[in-house]
Amino acid sequence: MNDRQEKILDIIINKPIETQEELTSELKKEGFDVTQATVSRDIRKMKLTKVTDAFGRLRYVAYSETNEDLDEKYIRILKDGFISMDNAQNILVIKTVSGMAMAVAAALDHIKFGEIVGSIAGDDTIMCAIRSVEDVANVMSRLRSIMEK
């Protein structure tokens with residue numbers, strides 16, 4: 001995050017900023033030479049959103065997703081897309097709903113199975129290279145337990 005974006009956070013925390021124009025004006029008061037287009041890009045990059053405050057006015061706030069929120073989303077993607085799995089030595093092959101392989105592979109990456117060296121996803125199949133045959137059994141067991149929750 002750059003200095004301007006840090007100042008944006010400071011401003012929206014301390015003042016009820018309703019528009020990009022107001023934010024641009026506040027940044028200029030703080031010595032930043034910005035245009036509304038720059039502020040718009042920062043808002044998008046920082047994932048700022050508008051919420052209704054206690055007085056019924058819209059104002060910018062910083063939206064932050066916790067790791068728990070992300071974990072739940074990735075597990076839901078894994079469960080929604082997963083069909084079956086099998087192995088061939090140290091290669092784990094996961095079958096998914098058509099079109100879901102990349103999303104399920106991203107979920108596996110996020111869950112951080114240390115045994116998985118890398119994955120290749122097609123349309124409905126993922127091939128995971130796993131360090132050893134024993135590690136394949138561990139990954140399959142963990143996946144089964146996630147699916148049962």
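Note that the coordinates shown come from a computational prediction; the quantities given were computed from them, not determined experimentally.
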TODO: Show which residues join Met102 in its hydrophobic cluster (side-chain heavy-atom contacts under 4.5 Å, direct or indirect), or state none.
DONE: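 Its cluster partners, ordered by chain and number, are none at all.
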
Task: Hydrophobic cluster (4.5 angstrom, side-chain heavy atoms) - remaining members for Val117 - done: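 Result for Val117 is none, singleton.
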
Test item: [X] and [Y] side chains (from C-beta on) under 4.5 Å apart, heavy atoms:
X	Y	value
Leu143	Phe113	yes
Ile146	Ile75	yes
Ile91	Cys128	no
Ile130	Val139	yes
Asn90	Asp135	no
Val93	Asn87	no

TODO: List in chain and number order the residues that pass side chain to side chain donor-acceptor pair (under 3.5 Å) with Asp42, two or more places apart in sequence or in another chain; answer none if no residue qualifies.
DONE: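 So Asp42 forms a side chain to side chain donor-acceptor pair (under 3.5 Å) with Arg4, Gln5.
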
Going from [atom1] on [X] to [atom2] on [Y], what distance comes out if it is rounded to the nearest 0.5 angstrom?
X	Y	atom1	atom2	result
Leu23	Tyr60	CG	OH	7.5 Å
Ser119	Leu92	OG	CG	8.5 Å
Asp33	Leu27	CG	CG	10.5 Å
Leu78	Met100	CG	CE	9.0 Å
Gln20	Arg41	CD	CZ	11.0 Å
Met85	Met140	CE	CE	4.5 Å

TODO: For the pair Ser25 (side chain) and Glu21 (backbone), establish whether a donor and an acceptor sit closer than 3.5 Å, ignoring hydrogens and angles.
DONE: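 Not at all, since once roles are kept as given, no pair shorter than 3.5 Å links the two residues.
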
N/O donor-acceptor pairs under 3.5 Å from side chains in residues 8-17, not counting sequence neighbours:
unit_1 : atom_1 : unit_2 : atom_2 : d
Asp10  : OD1    : Asn14  : ND2    : 2.9
Asp10  : OD2    : Lys7   : NZ     : 3.3
Asn14  : ND2    : Asp10  : O      : 2.8
Lys15  : NZ     : Glu26  : OE1    : 2.7

Task: Minimal non-hydrogen separation, Ala105 against Ile126, with atom names - done: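 Answer, listing the atom of Ala105 first, then Ile126: N-CD1, 3.6 Å.
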
Task: Minimal non-hydrogen separation, Ile77 against Ala107, with atom names - done: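 Scanning both residues, the minimum pair turns out to be CG2-CB, 4.4 Å.
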
TODO: Begin from the C-alpha positions of Leu48 and Val61 and carry the test side-chain contact (heavy atoms from CB on, under 4.5 Å) through to its verdict.
DONE: CA-CA 6 Å; Leu48 300 183; Val61 296; over 6 Å; no

Task: Of all pairs that satisfy salt bridge (charged side-chain N to carboxylate O under 4.0 Å, His left out), the ones with a partner from residues 78-104, not counting sequence neighbours - done: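 Passing the test, one end in residues 78-104: no pairs.
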
Taking [atom1] in [X] as the centre, count heavy atoms belonging to other residues, nucleotides or ligands within less than 6.0 Å. Is the count above 12?
X	atom1	value
Gln89	CD	no
Met127	CE	no
Ile83	CD1	yes

- [ ] Using the side-chain contact (heavy atoms from CB on, under 4.5 Å) rule, take Thr96 and Phe82 through it: C-alpha gap first, then chi angles, then the decisive distance, then the call.
- [x] CA-CA 5 Å; Thr96 70; Phe82 182 91; 5.9 Å; no

Open item on the list: Restricting to salt bridge (Lys or Arg N to Asp or Glu O under 4.0 Å), what partner residues turn up for Arg142, sequence neighbours left out?
Closed with: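 Arg142 satisfies salt bridge (Lys or Arg N to Asp or Glu O under 4.0 Å) with Glu115 only.
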
Task: Verdict with supporting geometry, Val104 and Val97, side-chain contact (heavy atoms from CB on, under 4.5 Å) - done: CA-CA 10 Å; Val104 171; Val97 173; over 6 Å; no

- [ ] Determine whether Ile116 and Met147 fall in the same hydrophobic cluster, where Ile, Leu, Val, Met, Phe, Trp and Tyr are linked whenever their side-chain heavy atoms lie under 4.5 Å apart.
- [x]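 Yes, one cluster joins them.
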
